[in-house]
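The structure appears right after this line, and notes come after that.
As the structure lists them, so they are numbered: ligands from 1, and atoms in each ligand from 1.
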Amino acid sequence: MTTRLKALRDWVAEVAELTSPDRIHWCDGTEQEYRKLIDEMLDSGTLLELNQQSYPGCYLHRSDPQDVARVEHLTFVCTRDQEDAGPNNNWKAPADAKELMKSCFAGCMRGRTMYVIPYCMGPIDSPYARCGVEITDSAYVVANMYLMTRIGKPALKRIEKDKTFVKGLHSTGDLNPERRYIVHLPEELTIMSYGSGYGGNALLGKKCHALRIASYQARTEGWLAEHMLIVGVQSPAGDIRYLACAFPSACGKTNLAMLIAPESQKGWKVWTLGDDIAWMHLDKDGQLRAINPEAGYFGVVPGTNPHTNKNAYDTIQHDTIFTNVAVTADNDPWWEEKGSGKPTVDWVGKPYDGKNGPAAHPNSRFTVAARQNPAYSNLAEAPEGVPISAVVFGGRRRELAPLVYQAKDWAHGVLVGASVASETTAAATGKVGVVRRDPMAMKPFCGYNYGDYWAHWLSFAKRSNKLPKIFHVNWFRRDANGKFLWPGYGENLRVLRWIIDRCDNRVDAIEKPIGFLPKPSDIDLKGLDVSSATLEQLLAVDPEQWRAEMKSIGEYFAEFGGRLPGELTAEHQKVVRALG
Ligand code: SAT
Ligand code: MN
């Protein structure tokens with residue numbers, strides 16, 4: 001296979017010249033090719049076969065123990081003008097970045113196969129889809145891209161038609177954490193990633209393309225590329241409302257995307273469209289519509305069980321690649337809170353003695369095709385996407401943020417999104433549990449200056465009067481003893497129902513300085529072990545704490561200097577004044 005697109009042929013030749021692979025393989029994206037890759041990885045030990053009776057088509061990959069998460073401190077956005085990358089990104093001058101990456105890539109594929117993966121983010125026939133080509137020396141990356149995106153011949157055909165594509169060059173190199181760089185050149189639609197085989201660092205269609213490069217492109221083209229799940233919530237009457245929800249990594253996006261209604265919520269049903277990324281465009285009527293650029297899930301495994309997320313649990317019973325989980329004596333995959341089985345070997349391959357931390361890595365992952373999800377929406381592949389009624393922001397906050405509140409209008413909603421903060425998780429290297437600012441859950445993924453990004457968000461109000469309503473949720477509020485106040489998981493549907501009631505103008509709300517809060521009687525607590533006193537705690541807004549929060553948000557915004565939109569400052573001032 002090759003291509004009639006000269007720009008692509010030339011780039012592949014140029015990369016081969018630099019990296020000196022033994023072989024070049026153009027991926028056609030067929031199942032036979034996937035099978036062959038799996039067999040080769042079983043032979044080389046890159047993959048281990050799991051129990052094929054209980055987990056048919058499932059394999060285990062043990063990564064290098066030092067290569068288990070995204071490396072934000074080594075991720076760079078390299079614009080010509082540093083201001084364009086903003087204080088929210090690490091920056092290098094493009095020429096310096098290219099020089100550095102060239103020295104890493106020189107000869108790095110000697111003895112290896114170089115895979116050329118044409119891929120399409122979004123349904124192949126969608127006007128909103130965008131394509132890329134990833135060149136990699138990792139068969140594991142190819143297999144993951146096969147499950148996560150649309151690769152091969154159909155993607156190549158579209159690239160030849162579009163005549164443009166994002167260039168992503170990746171090598172695992174020698175996995176040296178000191179020589180690991182994830183470099184983006186948004187002005188050249190180029191990604192270069194060296195020294196890691198981990199998900200967000202190596203599957204370049206995902207965070208590197210579909211968020212960092214796409215957010216940059218989206219700004220110039222007038223749309224939004226966001227770190228959001230997409231769900232359809234169906235009422236007992238059969239009406240479906242679509243929601244796009246932004247939460248930081250490992251804060252339950254996959255669980256919310258696959259939510260199953262609890263017993264007491266008879267007749268409600270949640271359909272999954274996406275669990276991580278949403279691309280949203282205004283259609284000709286001013287309706288915001290979303291597609292999921294991905295075709296698979298790269299989800300956190302620990303905590304997944306038939307009670308917390310039965311859909312995910314069922315989805316990963318077959319044809320799944322597990323990364324860094326433990327195994328049982330029967331060679332089944334195992335993870336913390338799986339709910340059955342016992343680990344005998346931990347995620348690094350050592351006999352498990354229960355003494356050295358968890359058996360599965362806290363950021364162990366499953367990779368699986370989205371169509372295996374029993375709740376996969378029949379509109380998940382609709383080229384025109386789905387109409388979004390509500391945008392929901394959230395973070396992991398043990399105090400301060402109430403269970404749910406609604407922004408007063410779009411501009412206030414942009415402030416609410418820009419004010420998101422969350423406790424860090426194992427999805428990125430570094431300390432876990434520290435509260436940091438994570439506007440729109442995009443801190444690690446916004447491919448340009450946050451000041452410009454907020455201005456772009458604000459600009460939508462001038463282009464449409466049918467924009468979604470904006471909300472903020474917090475499933476993670478705790479009491480003085482550190483106990484979670486809200487049960488979460490399936491019960492979150494009760495909160496989504498209030499959100500939908502607000503979108504459909506069915507209920508009033510209580511106006512507070514920070515936004516509209518639910519009247520306690522409008523949150524359905526039927527069959528739930530949550531007292532009205534607890535609900536009161538969940539919905540409490542402590543003015544003292546909020547004054548401190550707004551002060552800290554103001555200080556954070558100040559970092560963006562002249563790029564901070566005046567309108568955002570004005571929204572901030574309004575809340576500060578209302579708090580008194
Ligand atoms: O590592 S990924 O970026 O693929 C997953 C995540 O952190 O959201
Ligand atoms: Mn994510």
Side-chain angles (χ1 to χ4, degrees), residues 61 63-64 66-75 77 119 121 134 136 138 140-141 143-145 147-149 168 170 172 180 182 184 191 193 195-215 225-231 244-258 272-279 292-304 312 321-324 361-368 370 392-396 420 422-430 432 436 438-447:
H61 173 70
S63 78
D64 181 291
Q66 307 260 34
D67 184 29
V68 293
R70 280 182 293 100
V71 283
E72 295 180 5
H73 61 296
L74 298 170
T75 299
V77 170
Y119 64 85
M121 302 309 290
E134 173 164 2
T136 178
S138 161
Y140 168 79
V141 165
N144 277 269
M145 287 290 284
L147 297 172
M148 294 296 300
T149 71
H170 167 256
T172 49
R180 179 172 292 164
I182 324 295
H184 305 71
I191 306 157
S193 164
S196 168
Y198 170 78
N201 303 331
L203 313 178
L204 302 186
K206 197 173 179 55
K207 300 300 165 63
C208 300
H209 178 165
L211 288 177
R212 295 193 194 97
I213 299 287
S215 62
E226 299 298 326
H227 193 205
M228 291 177 175
L229 66 94
I230 312 165
V231 282
C245 313
F247 306 116
S249 301
C251 286
K253 278 199 304 298
T254 305
N255 289 334
L256 187 64
M258 297 186 173
T272 317
L273 289 102
D275 80 327
D276 196 37
I277 300 176
W279 284 0
N292 172 13
E294 301 189 279
Y297 310 124
F298 183 67
V300 176
V301 195
T304 307
I321 298 177
F322 290 91
T323 300
N324 293 337
H361 188 274
N363 194 37
S364 53
R365 296 270 170 166
F366 56 75
T367 316
V368 68
V392 183
F393 295 113
R396 190 184 275 274
V420 168
S422 191
E423 294 162 29
T424 50
T425 68
T429 55
V432 166
R436 70 159 181 186
D438 193 350
M440 279 82 169
M442 283 284 277
K443 167 69 187 75
F445 309 121
C446 183

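Contacts between Met148 and ligand 1 below 4.0 angstrom, taking non-hydrogen atoms only, are absent altogether.
Scanning all protein heavy atoms for the shortest distance to atom 6 (C) of ligand 1 gives Lys207 NZ, 3.0 Å.
Close approach of ligand 1 to Ala427 (heavy-atom distance below 4.0 Å) involves ligand atoms 7 (O). Which parts of ligand 1 touch Lys206 is read off a 4.0 Å heavy-atom cut-off, strictly below it: atoms 4 (O). Atoms of ligand 1 lying under 4.0 Å from any heavy atom of Phe298, numbered from 1 in the order shown and given with element: 4 (O). Within ligand 1, the atoms closer than 4.0 Å to a non-hydrogen atom of Gly200 are 1 (O), 2 (S), 3 (O), 4 (O), numbered from 1 in the order shown. Applying the 4.0 Å criterion to heavy atoms of Arg365 picks out, from ligand 1, the atoms 5 (C), 6 (C), 7 (O).
Within Asp276, OD1 is the N, O or S atom that lies nearest to the Mn ion (ligand 2).
For a threshold of 3.5 Å applied to N or O pairs, the pair formed by Ser249 and ligand 1 contains at least one separation below that value. Residue Gly199 has no nitrogen or oxygen atom sitting less than 3.5 Å from a nitrogen or oxygen atom of ligand 1, judged on distance alone.
Residues Asn201 and Ser196 have side chains that bring a donor and an acceptor to within less than 3.5 angstrom of each other. With hydrogens and angles left out, the side-chain atoms of Ser249 and Arg70 include a donor and acceptor closer than 3.5 Å. Donor-acceptor pairing under 3.5 Å is lacking for the side chains of Tyr198 and Asp64.
Side-chain contact between Lys253 and Asp276: present, with at least one pair of heavy atoms (C-beta onward) separated by less than 4.5 Å.
Taking a 4.0 Å cut-off on heavy atoms, Lys253 fails to register as neighbouring ligand 1.
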For side chain to side chain contact (heavy atoms under 4.5 Å, CB included), just list the numbers for Ser138 and His170, CA-CA rounded to whole Å, side-chain angles, deciding distance to a tenth of an Å, and then say yes or no. CA-CA 8 Å; Ser138 161; His170 167 256; 4.2 Å; yes
Walk me through it: do Arg396 and Thr425 pass the test side chain to side chain contact (heavy atoms under 4.5 Å, CB included)? CA-CA 9 Å; Arg396 190 184 275 274; Thr425 68; 4.0 Å; yes
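Ring pair His61/Tyr140 is parallel by interplanar angle, where below 30° counts as parallel and above 60° as perpendicular.
The pair Lys207-Glu72 does not meet the salt-bridge criterion, since no charged nitrogen lies less than 4.0 angstrom from a carboxylate oxygen.
Taking backbone and side chain together, Lys207 holds an N, O or S atom under 2.8 Å from the Mn ion (ligand 2).
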